[in-house]
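Here the structure is laid out as structure tokens; the discussion comes afterwards.
Both backbone and side-chain heavy atoms feed into the values below; hydrogens, waters and symmetry mates do not. Residues take their numbers from the sequence shown, with the count starting at 1.
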Amino acid sequence: MQQMSIWEKETFFEPQDVIIIGSGFSGLWSALHLKLLHPNYKVTILERGLIPTGASTKNAGFSCFGSPSEILNDARLMGKDDMWQLVRMRFEGIKEIRNYFSDEEIEYDDSGGYECFTDNSEDWHGCLSKLNWLNEGLKKITGKDNVFTVADKKLRQFGFHGFDHLVENKLEGGLHPGKLIKALLKKIQALNVQVFTGVEVMNYVKNGNYLSVITNHDIEFTAKKMLLCTNAFTQRLIPSIDITPNRGQVLLTSPIDDLPLKGIFHFDKGFYYFRNLGNRILLGGARNMAFNEENTLTIHTTELIQDALEQFIQQRLSTAPFTITDRWAGIMAMGSEKLPIVKAISENVFCCVRMSGMGVALAPVAAKKVVQLMSESFTA
């Protein structure tokens, strides 16, 4: 074990009330809610990467709570009650983000969201027949009438080819995930939360009233409670947890003159998603082409998925010439259910994981729930 001076022991490595593993959205929101509820708690975040290494800074920057076909598909798979609970959590999470941060801080774009359909798609006919039912349920959550509206007249102005119908949702938008992470970091560090990067947790053991947290630096941290916010990577510490890692791939084109896209767009139950980022097309998805191969913790792009994304642009979004300037991948956490896992693993260990590809919207609310659960354990 690495030797430490008394100065280090009494500052950086003093016993903590809570150690949070992971500095993505779940970890940062948890730290914020924890310090707002308990300002005197000593809280440290341990992050194995130099920055978050899962999906928080590698997504497409959507601030959304679900397209019509995705919501209807979730109702079939999860049941209506769980589906509406999930939609409510996402919607409340988006509100939470905008309550804490100005649109300028996080480059929030409230241009709205759209789902694209083709005439021969079962999704289109199913959505059209259920649109009133969806809007009735969404009014109970959002307070707004007709959240989803048919907007076929906008197809031409967006320059699409290969789509026949649009459903608009004016309550969704886009944001800059990197700037949201930095804004959260700034806020929690102002509350005296300590953040270590490049520190991987290898194991933890109960040691009296404390947990000993062993890291790759031969340094041991101690804390009364530990919170896992490691999302897709949680099985490394909790092998039995119901999580399947899933890679999401994204690309970004060079600027395209007068690109008419405005808003965020979904297609095929959310398996394709795209937006205009500075007159460049940002497009992600296509993982339904290779489900098994994309169930991985390997963070790199593949030729199969990237080729499919490029073809999607050429066939449906733009005939203008472009090059690909950026490609990246992130790792999401899926499972047998889509609701987040927010629970106590043991008396001292808690988790807030499995955001199912919607961590931007879900993390603020899931984090608040786990902090409340932890707070109750402190006073029990």
Side-chain angles (χ1 to χ4, degrees), residues 24-25 28-29 55-68 70 87 90-116 138 142 144 146-149 151 153-155 157-160 163 166-184 186-187 248 250-267 270 272-285 309 312-313 316-318 320 322 325-326 328 330 355 357-365:
F25 287 128
L28 295 178
W29 280 108
S56 292
T57 55
K58 292 185 168 63
N59 55 61
F62 277 38
S63 176
C64 59
F65 52 84
S67 64
E70 182 187 2
V87 171
R90 293 169 178 169
F91 179 74
E92 294 298 329
I94 294 169
K95 286 204 307 182
E96 191 95 340
I97 292 168
R98 300 187 76 185
N99 283 339
Y100 277 95
F101 304 106
S102 70
D103 289 356
E104 291 73 24
E105 280 180 283
I106 60 174
E107 287 188 13
Y108 196 91
D109 177 7
D110 62 355
S111 298
Y114 300 85
E115 182 163 15
C116 308
L138 286 168
T142 67
K144 304 291 184 180
N146 299 319
V147 171
F148 291 137
T149 56
K153 291 181 180 179
K154 293 189 176 183
L155 280 166
Q157 78 181 54
F158 291 139
F160 293 143
F163 296 133
L166 278 181
V167 173
E168 184 176 6
N169 175 0
K170 293 182 179 178
L171 302 183
E172 295 188 332
L175 51 75
H176 191 306
K179 291 192 175 182
L180 177 54
I181 287 283
K182 289 194 75 172
L184 280 163
K186 182 179 179 182
K187 200 170 281 285
V250 183
L251 59 72
L252 182 67
T253 72
S254 57
I256 297 173
D257 290 341
D258 302 317
L259 184 67
L261 294 179
K262 189 175 183 182
I264 63 170
F265 296 84
H266 315 257
F267 176 65
Y272 289 84
Y273 41 93
F274 52 97
R275 58 185 292 208
N276 182 332
L277 188 67
N279 281 328
R280 299 167 293 175
I281 296 174
L282 189 157
L283 168 67
L309 293 175
F312 187 88
I313 294 175
R316 298 188 182 274
L317 304 186
S318 177
F322 63 87
T325 61
D326 298 87
W328 66 89
M355 299 295 122
M358 284 279 201
V360 171
L362 279 176
V365 174

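- Contact annotation: the side chain of Phe265 approaches that of Phe160 to within less than 4.5 Å [non-hydrogen atoms, C-beta and beyond].
- For the pair Val250/Asn59, no side-chain contact is recorded, criterion being any heavy-atom separation below 4.5 Å from C-beta on.
- Judged by distance alone, the side chain of Arg275 and the main-chain N or O of Phe62 form no donor-acceptor pair under 3.5 Å.
- Residues Phe25 and Val360 are in side-chain contact: their nearest non-hydrogen atoms beyond the backbone lie under 4.5 Å apart.
- Side chains of Trp328 and Leu252 form a contact here, defined as non-hydrogen atoms less than 4.5 Å apart.
- Sorted by first and then second residue, the salt bridge (Lys or Arg N to Asp or Glu O under 4.0 Å) pairs with a member in residues 168-178 read Lys154-Glu168; sequence neighbours excluded.
- For the pair Gly159 and Pro260, the tightest heavy-atom approach, listed with the atom from each and the gap, is N-CG, 4.0 Å.
- In this structure, CG in Leu309 is found 5.0 Å from CG in Leu251, a value given to the nearest 0.5 Å.
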Practice problem: Quick one: do Arg90 and Glu70 satisfy salt bridge (charged side-chain N to carboxylate O under 4.0 Å, His left out)? Show the steps, please. | Solution: CA-CA 13 Å; Arg90 293 169 178 169; Glu70 182 187 2; 3.8 Å; yes
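- The NE2 atom of His176 sits 10.5 Å away from the OG1 atom of Thr57 when rounded to the nearest 0.5 Å.
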Using a 3.5 Å cut-off and no angle test, enumerate the donor-acceptor pairs between side-chain atoms of residues 94-101 and protein atoms at least two apart in sequence or in another chain.
from  : atom 1 : to     : atom 2 : distance (Å)
Glu96 : OE2    : Lys368 : NZ     : 2.9
Arg98 : NE     : Asp103 : OD1    : 3.4
Arg98 : NH2    : Asp103 : OD1    : 3.3
Arg98 : NH2    : Asp103 : OD2    : 2.9
Asn99 : ND2    : Lys95  : O      : 3.3

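- Contact between Ser56 and Pro177 at its shortest, heavy atoms only, is O-CB, 3.3 Å.
- In this structure, CG in Leu155 is found 4.0 Å from CG in Leu166, a value given to the nearest 0.5 Å.
- With sequence neighbours left out, Glu105 forms a salt bridge (Lys or Arg N to Asp or Glu O under 4.0 Å) with no residue at all.
- With rounding to the nearest 0.5 Å, the separation of OH in Tyr114 from CG in Leu261 is 10.5 Å.
- In this structure the side chain of Tyr272 never reaches within 4.5 angstrom of the side chain of Arg316, judged on heavy atoms.
- For the atom pair Ser63 OG and Ile264 CD1, the distance stands at 7.0 Å (nearest 0.5 Å).
- Scanning both residues, Phe322 and Ser254, for their nearest heavy atoms gives CA-OG, 3.7 Å.
- No close placement of the Phe158 and Phe163 rings is indicated, their centers lying 6.0 Å or farther apart.
- Taking the side chain to side chain contact (heavy atoms under 4.5 Å, CB included) definition, one finds that Thr142 meets it with Phe91, Lys144, Val147, Leu171, sequence neighbours left out.
- For the pair Leu317 and Phe312, the minimum side-chain heavy-atom distance is below 4.5 Å.
- Closest approach of Gly270 and Ser67 over heavy atoms only: N-OG, 4.4 Å.
- Between Pro364 and Gly93, the shortest heavy-atom distance links the atoms CG-O, 3.7 Å.
- Asp109 meets the side chain to side chain contact (heavy atoms under 4.5 Å, CB included) test with Ser111; sequence neighbours excluded.
- The distance from the CG atom of Asp326 to the CG atom of Leu277 is 9.5 Å, given to the nearest 0.5 Å.
- In this structure, the side chain to side chain contact (heavy atoms under 4.5 Å, CB included) partners of Pro68, at least two apart in sequence or on a different chain, are Glu115, Cys127, Leu134, Phe148, Val167.
- The closest donor-acceptor contact from the side chain of Thr253 to the backbone of Ile281 lies under 3.5 Å.
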